[in-house]
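A quick write-up on the structure given underneath.
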Amino acid sequence: MPGGKVVGAVTFDITGGKIATVRGIAAPARVVRLSDAWRQHEPEAPLITEW
């Protein structure tokens, strides 16, 4: 979270144990709500911290 703001998000739909769909957003107007929600909760550590 650079600067304390969410800069994007990715979701995966899993079907039959395989990735069926990948969706991503990075538009500032859309991710602003994610930043607000992130600040209101104490999220768990990310599953992946590096590639």
Side-chain angles (χ1 to χ4, degrees):
M1 253 179 52
K5 295 181 181 179
V6 175
V7 294
V10 177
T11 64
F12 300 90
D13 291 336
I14 310 295
T15 302
K18 296 181 180 180
I19 297 172
T21 308
V22 178
R23 294 182 179 93
I25 60 169
R30 294 185 70 195
V31 296
V32 69
R33 290 180 291 169
L34 295 174
S35 292
D36 293 342
W38 188 274
R39 278 189 228 101
Q40 292 176 14
H41 302 287
E42 291 189 32
E44 297 177 15
L47 296 176
I48 299 174
T49 58
E50 295 180 25
W51 287 99

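Heavy-atom basis, side chains included; hydrogens, waters and symmetry copies ignored.
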Pair up each side-chain donor or acceptor in residues 12-19 with any protein partner under 3.5 Å, not counting sequence neighbours, and list the distances.
| unit_1 | atom_1 | unit_2 | atom_2 | d |
| --- | --- | --- | --- | --- |
| Asp13 | OD1 | Arg23 | NH1 | 3.4 |
| Asp13 | OD2 | Arg23 | NH1 | 2.4 |
| Asp13 | OD2 | Arg23 | NH2 | 3.4 |

query = Passes side-chain contact (heavy atoms from CB on, under 4.5 Å), Val10 versus Val22? Steps please.
reply = CA-CA 7 Å; Val10 177; Val22 178; 3.8 Å; yes
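Here Val32 sits alone; no ILVMFWY side chain lies under 4.5 Å from its own, so it joins no hydrophobic cluster.
Every residue meeting the side-chain contact (heavy atoms from CB on, under 4.5 Å) condition with Ala9, not counting sequence neighbours, appears here in chain and number order: Ile25, Leu34.
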